[in-house]
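Below, chains carry the letters A, B, ... as their sequence lines are ordered, and counting in each starts from 1.
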2 protein chains.
Amino acid sequence: MTELELSIKSYFGVIDPEEVSSIASLFQPELLKKGDYFLKTNKNCDRLSFVQSGFLRIFLETEDKDVTQWISTKGYFVTDLSGFIFDQPARWTIQALTDVEIYTIRKSEYEKMKTTIPRWSELEKLFIVHCFTTLEDRIFSHLSMTAEERYHFFFENNKELFNQVPLQYIASMLGMRPETFSRIRKKQLS
Amino acid sequence: MTELELSIKSYFGVIDPEEVSSIASLFQPELLKKGDYFLKTNKNCDRLSFVQSGFLRIFLETEDKDVTQWISTKGYFVTDLSGFIFDQPARWTIQALTDVEIYTIRKSEYEKMKTTIPRWSELEKLFIVHCFTTLEDRIFSHLSMTAEERYHFFFENNKELFNQVPLQYIASMLGMRPETFSRIRKKQLS
DNA sequence: GTAAATTCTTGATTTTTATCAAGAGCAACT
DNA sequence: AGTTGCTCTTGATAAAAATCAAGAATTTAC
């Protein structure tokens, strides 16, 4: 099984191998160079991609600062979900932080899965609810944890990220300033 | 059209009246007394309900404090989404803050919609993506706003809530302590 | 209607986090 | 290799928010 197939399997729960390869076959490989934009705010988002390698930053520029909403890593899917599903202008800008390999499915192909894969609607729902639950957890972390607690929690689960992308983006994603991030990090290292 | 039907219509987007009443007919009225639990953490959540009147608090008790995740009001649906969809133990406790009228559909009836309403899977997906987008906005508010900004933003969009439920719960839901909430409120009133 | 319980406010203080400013460390470019 | 940008760190200070404690206001229960 390819990594794409393994991820489809793990994202969508128990699912038979025929279905997995049938879904995987609809994704096409693409390469992004560091700095390339996968998507820009207000543009149309007609693709859903699986990250095979590299890092992508999902963010929004406000008057006074950039806000990093998330960093997508190997094994995750990346898209502007509401834009992709509702054909609305994208909420987020998505940019490659490193060279990136992705597997992409276009909206038109995506629509076909409904008919070619009988269980697709059900799998798709489970996928989206899973994403929903992840966001619920993130909100909870902002309601119940300090910056330092969020740092530690995130660090424990994403160690590999800390020496591969600019730390300022991780800081933003955790809801703190880079200086605060740096000070927490210093404490932790000693 | 009943309020339930209107809400189904607005939640699920454009949809024909036959479909609306067909969906609405599967919901049964229920009454909750103030203080009643709609759901408790780790229990099975087999219902999705539409709030006709009253307020429900969705929260979690941690060692040191209660964390209010959301307050459901008239016109909203309420459930523990991951518990309901995945048949997993509920993540949240949900309690009536006032007497509450709801319309409820049980999981078993809910499952039937897939077959009786052709477009159901599509509508359901749109519904869940809509919920997802709402949570994205909330995360963004924690990454980019101060407590005071979150207060004002929420106040502008939910004025009615401020004189109908204990303010400490709104404070928690916005990620601040009741004292901070009270001080911001004082500033605003003057 | 009154007592009890809960919720809200306020002040004083501490802790946490942001801001500002400067310099050090690193990486990228030619 | 040297210069130019970024990025990260550090210190000093300011602002924001939490904590603690007490009392006022409101709601609930009998």
- prompt: With a cut-off of 6.0 Å (strictly less than), are more than 12 heavy atoms of other residues, nucleotides or ligands near NZ of A:K187?
  reply: no
message: Need two values: the first and the last nucleotide of DNA chain C, 5' to 3', having an atom under 4.0 Å from any heavy-atom of chain A.
response: C:dT17 to C:dA28
query: If the sugar-phosphate is the primed atoms plus P, OP1 and OP2 and the base is the rest, what is the B/S/- string for nucleotides 23-30 of chain D, using protein heavy atoms under 4.0 Å?
result: -----S--
- prompt: What are the two closest non-hydrogen atoms of A:L4 and A:F27, and how far apart are they?
  reply: CD2-CB, 3.7 Å
field: Linked hydrophobic residues, A:L31 as query - side chain contacts closer than 4.5 Å
entry: none
- line: When every non-hydrogen atom of A:A96 is compared with those of A:L32, the smallest separation belongs to CB-CB, 4.2 Å
query: Looking at A:R183, does any N or O in its side chain come under 4.0 Å of the phosphate oxygens OP1/OP2 on D:dT9?
result: no
- line: salt bridge (Lys or Arg N to Asp or Glu O under 4.0 Å) pairs touching residues 53-70 of chain B, sequence neighbours excluded, are B:R57-B:D66
query: Once you round it to whole Å, what is the distance between C1' of D:dT9 and NZ of A:K187?
result: 16 Å
- prompt: What residues, two or more places apart in sequence or in another chain, satisfy side chain to side chain contact (heavy atoms under 4.5 Å, CB included) together with B:Q168?
  reply: B:P166, B:P178
field: Integer-rounded Å distance: D:dT7 C1' and A:E179 CD
entry: 11 Å
task: Determine to 10° how strongly the helix from C:dG1-D:dC30 to C:dT30-D:dA1 is bent, judged from the axes of its five-pair ends.
output: 60°
message: Does a side-chain N or O of A:S182 approach OP1 or OP2 of D:dC8 to a distance below 4.0 Å, or not?
response: no
field: Counterpart residues, ring pair (Phe, Tyr, Trp, His ring centres under 6.0 Å), relative to B:F77 (two or more places apart)
entry: B:Y11, B:F50, B:F127
- prompt: Same cluster for A:V78 and B:V129 if Ile/Leu/Val/Met/Phe/Trp/Tyr side chains link at under 4.5 Å?
  reply: yes
task: Please identify each residue that fulfils side chain to side chain contact (heavy atoms under 4.5 Å, CB included) with B:T98, with sequence neighbours left out.
output: B:F55, B:V100
task: Among Ile, Leu, Val, Met, Phe, Trp and Tyr joined by side-chain contacts under 4.5 Å, find the other residues sharing a cluster with A:F153 and list them by chain and number.
output: A:M145
statement: To the nearest angstrom, the CD-P distance between A:E148 and D:dA17 comes to 19 Å
task: Would you kindly confirm whether A:F59 and A:Y76 end up in one hydrophobic cluster when ILVMFWY residues are joined by side chain heavy atoms under 4.5 Å apart?
output: no
field: For DNA chain C, the residues among residues 164-173 of chain B that have a non-hydrogen atom under 4.0 Å from it
entry: B:P166, B:L167, B:Q168, B:Y169
query: Quick one: ring-ring contact (aromatic ring centres under 6.0 Å, His included) pairs with a partner in residues 102-123 of chain B, sequence neighbours left out?
result: B:F12-B:W120, B:F84-B:Y110, B:Y110-B:W120
All side chain to side chain contact (heavy atoms under 4.5 Å, CB included) counterparts of A:L26, not counting sequence neighbours: A:I105, A:E109, A:M113
